[in-house]
Colleague: 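Questions regarding the structure given below will be posed in turn.
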Protein chains: 2
Amino acid sequence: MQTSEAHETRPTLAQVARAAGVSEITASRALRGGARVARDTLERVQEAARRLNYVPNRLAGALAGGQSRQVAVVLPSLSNSVFADVLKGLETRLEQAGHHLILGVSNYDPQREERLIAELLTWRPAGLVLAPANSTELTRQRLATADLPVAEIMDIDRPAIDLSVGLSHRGAGRAMAHYLLGRGYRRLAYLGHDITTDPRAVARRQGFEDGLAEAGVALEAALLMPGPSSVTLGSQGTARLLGGCPPGGLAVYCSNDDVAVGAFFHALSQGLSVPGDLALAGFNGLAIGQALPQPLTTIESRRERIGEHAAAGLLARMRGETVQPVDDVGFRLITGATA
Amino acid sequence: MQTSEAHETRPTLAQVARAAGVSEITASRALRGGARVARDTLERVQEAARRLNYVPNRLAGALAGGQSRQVAVVLPSLSNSVFADVLKGLETRLEQAGHHLILGVSNYDPQREERLIAELLTWRPAGLVLAPANSTELTRQRLATADLPVAEIMDIDRPAIDLSVGLSHRGAGRAMAHYLLGRGYRRLAYLGHDITTDPRAVARRQGFEDGLAEAGVALEAALLMPGPSSVTLGSQGTARLLGGCPPGGLAVYCSNDDVAVGAFFHALSQGLSVPGDLALAGFNGLAIGQALPQPLTTIESRRERIGEHAAAGLLARMRGETVQPVDDVGFRLITGATA
DNA sequence: GTGAAAGCGCTAACAT
DNA sequence: ATGTTAGCGCTTTCAC
């Protein structure tokens with residue numbers, strides 16, 4: 001601590017104990033639930049703590065106790081509302097249970113992800129949540145030997161280090177292929193963002209092509225636009241796509257709802273009818289897609305639930321319980337009106 | 001990982017020191033920058049640390065050193081992409097500087113905010129960022145005496161506890177009033193979400209009415225919808241509003257872009273021309289508004305920059321520098337095409 | 001440039 | 001039900 005002269009240092013447990021006329025450890029017990037403490041002792045200690053404005057020092061507590069009540073969370077991005085939703089689910093549940101989040105953002109960069117995890121582990125978190133961004137082998141290895149519960153989220157297609165909470169993006173892609181085929185579409189195209197960094201988008205596309213292949217159908221066109229997904233990218237991408245691939249019974253599967261909404265706007269501004277001239281499907285089930293004049297055909301991804309389940313899984317593991325390694329939160333097709 | 005039986009305890013600094021044949025303190029110095037350490041000693045220690053897979057324990061480091069390198073962040077919501085943007089700015093800058101975020105979400109509940117801050121302070125963060133949700137007096141008082149740098153963000157209209165980074169929402173509201181008046185609109189209405197919990201939205205509305213009053217104009221109608229802002233709320237609200245307040249030269253100032261986008265969708269589905277029948281303005285400058293077939297008339301709020309400036313301000317204060325108490329990041333009118 | 005001693009504020013083990 | 005002792009793993013003095 002700096003020696004701030006006039007500034008009386010924060011009260012410590014020792015001072016609370018003295019004020020209450022008990023030993024440090026008794027004060028400690030009293031302030032944590034009060035098991036094995038006499039009723040009036042408990043009250044005296046709490047009263048003293050309140051009077052002194054005592055704020056426990058959990059750095060010291062965690063160091064002495066060997067457990068930290070912080071949970072590290074590493075996400076690839078915050079620009080995408082998808083991860084904000086997951087984060088919300090995580091925060092809600094963990095806060096309820098008296099844990100706090102330390103947050104890192106990898107920007108879909110595996111190297112950065114690796115560094116970030118190493119950094120966050122220095123705080124000796126009680127658990128770690130990771131939405132992987134093509135994690136390096138080193139990262140996986142480190143986490144496997146780090147001796148803390150790890151929840152990998154979003155995706156359950158890949159083998160998990162420890163716990164896995166999410167949905168099968170591959171399955172979601174296939175489901176949409178089947179649905180569009182069922183609706184009678186035979187001219188199918190794919191429009192995506194810079195997919196090389198986003199493993200989930202890759203999985204959906206593969207699932208989609210698999211689903212088509214099962215019916216002997218192939219993509220008529222596929223366009224990958226550079227950069228992260230966005231509505232603008234969707235509009236511009238659609239314009240380019242339709243250049244080599246005229247509308248009229250064409251169905252475009254977009255890498256996610258943002259892109260699909262952009263595609264919808266493009267159709268709107270060009271006077272193309274949806275789904276007549278151009279059918280559209282996305283992924284995520286974002287509110288914006290459902291609020292369009294025509295609700296978007298898409299797949300709901302239950303992001304907040306993923307966060308909640310991941311939190312619950314970690315908490316259970318912290319309590320020493322055995323937890324099923326894979327938690328599939330599923331997905332739901334929203335039929336919408338754009339395909 | 002599950003119970004690794006042969007689980008040798010994590011290496012400590014002492015072990016690294018021993019392996020390198022130096023004292024603990026020398027190892028400590030070597031691993032932090034290496035000031036006052038001989039060149040080859042430094043290399044030996046780093047090499048030993050690498051070999052042992054040493055992960056420093058910052059709980060211990062912070063406890064001993066009296067400073068934590070964690071920064072607490074309390075936001076009212078994550079559902080709104082606005083705060084995700086701010087968070088991103090914060091994370092980027094703080095991570096760069098070797099700090100980490102502990103996150104709490106208040107849900108616009110002052111009581112919860114109060115509890116959350118108390119909780120987060122137990123980790124002895126080096127600083128705190130707060131996007132206030134009608135903070136209680138107790139909260140303000142505690143922060144004022146907590147002896148750590150505090151950055152209140154979003155809003156600079158109210159007196160700051162310590163640092164204040166954001167823009168004048170009141171000013172933004174006024175600016176929009178002046179702009180709409182300048183465009184010739186005389187029939188003005190307001191459409192908002194449940195504003196009682198969102199102090200910034202309140203300030204914008206007041207500024208808007210002030211701006212109108214300066215020209216002797218009054219609101220023709222104001223409608224507050226229950227619940228948090230959303231596109232759907234915007235659509236439904238517009239439908240209701242137009243019931244008692246027919247279109248035709250009417251301009252609606254929406255509490256934010258989400259609501260305005262909803263209003264736009266409503267107009268679209270009703271065949272109302274924008275801005276002819278119905279002019280629309282929002283606040284935030286979200287990407288979705290600018291990606292509409294007609295870009296939204298709105299005010300850009302520079303959220304990421306707010307996060308970055310808040311981080312920079314805190315970092316400066318941590319270095320002991322004096323910092324100007326109010327940092328106005330300003331705003332920018334986006335004229336758009338909906339008004 | 002390096003080290004010895006002392007302690008940060010708390011809790012886990014053992015007492016009693 | 002309460003207290004004593006001994007650390008947790010690191011960094012801050014202050015020596016040399």
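For the numbers below, each heavy atom of this structure counts, side chains included, while hydrogens, waters and symmetry mates do not. Numbers restart at 1 for each chain; the letters A, B, ... are given by sequence-line order, proteins then strands.
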Colleague: Specify the separation, in whole Å, of atom CZ of A:Arg36 and atom P of D:dG3.
Modeller: 14 Å
Colleague: If I take atom CD1 in residue B:Ile25 and atom C1' in nucleotide C:dA4, what distance separates them, rounded to the nearest angstrom?
Modeller: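 In whole Å, C:dA4 C1' lies 10 Å from B:Ile25 CD1.
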Colleague: Regarding C:dG9, can its base be found pairing with the side chain of A:Arg58 as donor and acceptor, where the two atoms are less than 3.5 Å apart?
Modeller: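 There is none.
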Colleague: Whole Å only: how far is the CD atom of A:Gln15 from the P atom of C:dC8?
Modeller: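 About 11 Å, once rounded to whole Å.
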Colleague: Under 4.0 Å, counting only non-hydrogen atoms across every strand here, what does A:Gly61 touch: a base, just sugar-phosphate, or nothing?
Modeller: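 A:Gly61: backbone/sugar contact only, no base atoms under 4.0 Å.
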Colleague: Can you tell me if the side-chain N/O atoms of B:Arg29 get under 4.0 Å from OP1 or OP2 in D:dT11?
Modeller: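 Looking at the OP1 and OP2 atoms of D:dT11, neither is under 4.0 Å from any side-chain N or O of B:Arg29.
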Colleague: With a 4.0 Å cutoff (strictly under), does any side-chain N or O of B:Ser28 reach OP1 or OP2 of D:dT11?
Modeller: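 So the side-chain polar atoms of B:Ser28 do come within 4.0 Å of the phosphate oxygens OP1 or OP2 of D:dT11, strictly under.
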Colleague: Can A:Glu308 and A:Lys88 be counted as an ion pair, charged N to O under 4.0 angstrom?
Modeller: no
Colleague: How many whole angstroms separate atom CG of A:Leu63 from atom C1' of C:dG7?
Modeller: 12 Å
Colleague: C:dG1, OP1 or OP2 - any side-chain N/O from B:Thr26 closer than 4.0 Å?
Modeller: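 So the side chain of B:Thr26 is outside the cut-off, no N or O lying under 4.0 Å from OP1 or OP2 of C:dG1.
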Colleague: Would you say B:Thr12 places a side-chain N or O within less than 4.0 Å of OP1 or OP2 belonging to D:dC8?
Modeller: no
Colleague: Measuring from the side chain of B:Asn57 (C-beta onward, heavy atoms only), which nucleotide among D:dT2, D:dG9, C:dT11 has the closest atom?
Modeller: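 The nucleotide sitting nearest to the side chain is D:dG9.
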Colleague: Are A:Tyr54 and C:dC10 close enough that a side-chain N or O sits under 4.0 Å from OP1 or OP2?
Modeller: yes
Colleague: Nearest-Å distance, CD (A:Glu24) to C1' (D:dT4)?
Modeller: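 Distance check: A:Glu24 CD to D:dT4 C1' gives 11 Å.
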Colleague: For A:His99 and A:Gln70, which I'm curious about, is there any donor-acceptor pair between the side chains at under 3.5 Å?
Modeller: no
Colleague: I'd like to know if A:Arg317 and A:Glu321 make a salt bridge, using a cut-off of under 4.0 Å between side-chain N and carboxylate O.
Modeller: no
Colleague: Is it the case that the side chains of B:Thr136 and B:Glu114 hold a donor-acceptor pair, with the cut-off being a distance below 3.5 Å and no angle test?
Modeller: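 Looking only at side-chain atoms, B:Thr136 and B:Glu114 do form a donor-acceptor pair, the distance falling under 3.5 Å.
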Colleague: What's the closest nucleotide to the A:Ala60 side chain, out of C:dG9, C:dG3, D:dC10?
Modeller: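 The answer is C:dG9, which lies nearest to the side chain.
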Colleague: Strictly below 4.0 Å: does B:Ser23 bring a side-chain N or O up to OP1 or OP2 of C:dT2?
Modeller: no
Colleague: Does the base of C:dG9 carry an N or O that pairs as donor and acceptor with the side chain of B:Arg124 under 3.5 Å?
Modeller: no
Colleague: Within the structure provided, determine whether B:Leu163 and B:Ile153 are in side-chain contact (heavy-atom separation under 4.5 Å).
Modeller: no
Colleague: Roughly, in whole Å, what's the span from CZ in A:Arg44 to C1' in D:dT2?
Modeller: 11 Å
Colleague: C:dA4 P sits how many Å from B:Arg18 CZ, rounded?
Modeller: 13 Å
Colleague: Measure from CG on A:Leu52 to C1' on C:dG9 and round the result to the nearest Å.
Modeller: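 Distance, rounded to whole Å: 15 Å.
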Colleague: Would you say B:Arg69 places a side-chain N or O within less than 4.0 Å of OP1 or OP2 belonging to D:dC10?
Modeller: no
